[in-house]
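Report on one structure; see the data block that follows.
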Amino acid sequence: VQLQASGGGLVQAGGSLSLSCTASGRTFGSQNMGWFRQAPGKEREFVAAISWNEKTAVYADFVKGRFTISRDNAKNTVYLQMNNLNPEATAVYYCAAARSGIDSLIVYIRIIQRYTYWGQGTLVTVSS
């Protein structure tokens, strides 16, 4: 599985960005998908994830209703709509896919170690 993320860029505080991530392969529809981010000097952290069947979407507390994750299984694509961005959101954003089966159980949806496949990251910079 290869993941290609896009949509990052420079935006002013309060602005919006939409990230997308397209996966290769035929198992997308049975894999949980997640977005993670890593700011300079910090560890990679969970942002949002969506279950393989689109029934469950979960978010980090800091999202506070400003981000929305969605997916289109027909297009092998997952999206992250980010609104009302603040400078603390500046980071490289990565999409990731869990393996089908056990790793895509709902109980593991927030667990970074359960995500096996990673995209190259897309840089989001929010200016104050």
Side-chain angles (χ1 to χ4, degrees):
V1 175
Q2 292 184 328
L3 303 174
Q4 182 69 43
S6 61
L10 174 64
V11 64
Q12 289 187 333
S16 299
L17 279 176
S18 181
L19 307 183
S20 63
C21 174
T22 300
S24 65
R26 300 182 178 183
T27 58
F28 182 83
S30 59
Q31 298 174 279
N32 288 351
M33 296 296 298
W35 286 96
F36 297 80
R37 71 184 187 185
Q38 188 165 17
K42 295 187 177 181
E43 293 188 352
R44 194 169 299 187
E45 63 178 353
F46 170 78
V47 176
I50 187 166
S51 63
W52 58 272
N53 59 4
E54 306 179 55
K55 291 184 178 180
T56 301
V58 296
Y59 300 90
D61 290 343
F62 61 76
V63 167
K64 297 180 180 178
R66 299 177 294 118
F67 294 5
T68 302
I69 189 170
S70 61
R71 66 190 294 164
D72 185 338
N73 286 349
K75 296 182 178 180
N76 277 20
T77 301
V78 62
Y79 307 94
L80 185 67
Q81 176 66 40
M82 304 186 293
N83 298 327
N84 194 19
L85 287 162
N86 54 44
E88 290 71 31
T90 295
V92 177
Y93 283 70
Y94 298 90
C95 65
R99 291 182 185 271
S100 303
I102 292 175
D103 282 348
S104 285
L105 292 175
I106 295 302
V107 66
Y108 297 135
I109 197 169
R110 296 175 181 265
I111 308 301
I112 189 172
Q113 292 84 356
R114 293 290 177 168
Y115 289 84
T116 300
Y117 307 103
W118 291 83
Q120 83 288 3
T122 185
L123 177 62
V124 171
T125 304
V126 184
S127 62
S128 57

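Scored by the salt bridge (Lys or Arg N to Asp or Glu O under 4.0 Å) test, E88 finds no partners at all (sequence neighbours excluded). The side-chain contact (heavy atoms from CB on, under 4.5 Å) test applied to T77 returns S20, T22, K75, Y79, not counting sequence neighbours. Remark: N76 engages no residue in a side-chain hydrogen bond (donor to acceptor under 3.5 Å, both in side chains) (not counting sequence neighbours). Qualifying side-chain hydrogen bond (donor to acceptor under 3.5 Å, both in side chains) partners for R44, counting only residues two or more places apart in sequence or in other chains: Q38. Y59 is linked by a ring-ring contact (aromatic ring centres under 6.0 Å, His included) to nothing, counting only residues two or more places apart in sequence or in another chain.
Scanning both residues, N32 and S104, for their nearest heavy atoms gives N-OG, 2.9 Å. Summarising the geometry of V124 relative to M82, their closest heavy-atom pair is CG2-CE, 3.9 Å, with the distance given to 0.1 Å. Heavy-atom minimum distance, L3 versus C21: CB-SG, 3.8 Å. Annotation for I109 and I50: closest pair CD1-C, 3.8 Å, computed over non-hydrogen atoms. A pairwise comparison of heavy atoms in F28 and D72 identifies CE2-O, 3.9 Å as the closest pair.
Taking CG of L85 as the start and OG1 of T90 as the end, the distance is 8.5 Å to the nearest 0.5 Å. Going from atom CG of N73 over to atom CG of N53 covers 9.0 Å, rounded to the nearest 0.5 Å. Here the CH2 atom belonging to W52 is positioned 10.0 Å from the CD atom belonging to E54, to the nearest 0.5 angstrom. Taken to the nearest 0.5 Å, the CD atom of Q81 stands 8.0 Å off from the CG atom of L17. In this structure, OG on S51 lies 7.0 Å from CZ on R71, to the nearest 0.5 angstrom. The CH2 atom of W35 sits 11.5 Å away from the CZ atom of F67 when rounded to the nearest 0.5 Å.
In the hydrophobic clustering of ILVMFWY residues, with side-chain heavy atoms under 4.5 Å counting as a link, M33 and V63 come out together. L105 and Y115 sit in two unconnected hydrophobic clusters of ILVMFWY residues. Membership requires side-chain heavy atoms under 4.5 Å apart, directly or through other members. Note on Y93 and V11: same hydrophobic cluster, where clusters join Ile, Leu, Val, Met, Phe, Trp and Tyr whose side-chain heavy atoms are under 4.5 Å apart, directly or indirectly. The hydrophobic cluster containing V92 also contains I112, counting ILVMFWY residues as joined when their side-chain heavy atoms lie under 4.5 angstrom apart, directly or transitively.
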Show, in sequence, the C-alpha distance, side-chain angles and deciding distance for I69 and V78, and conclude whether the side chain to side chain contact (heavy atoms under 4.5 Å, CB included) test is met. CA-CA 7 Å; I69 189 170; V78 62; 4.0 Å; yes
Apply side chain to side chain contact (heavy atoms under 4.5 Å, CB included) to S16 and N83, showing your working. CA-CA 4 Å; S16 299; N83 298 327; 3.0 Å; yes
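The closest side-chain heavy-atom distance from Q31 to V1 is below 4.5 Å. V47 has its side chain within reach of F62: a pair of non-hydrogen atoms, C-beta onward, lies under 4.5 Å apart.
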Using a 3.5 Å cut-off and no angle test, enumerate the donor-acceptor pairs between side-chain atoms of residues 94-102 and protein atoms at least two apart in sequence or in another chain.
from : atom 1 : to   : atom 2 : distance (Å)
R99  : NH1    : Y117 : OH     : 3.3
S100 : OG     : S30  : OG     : 2.7

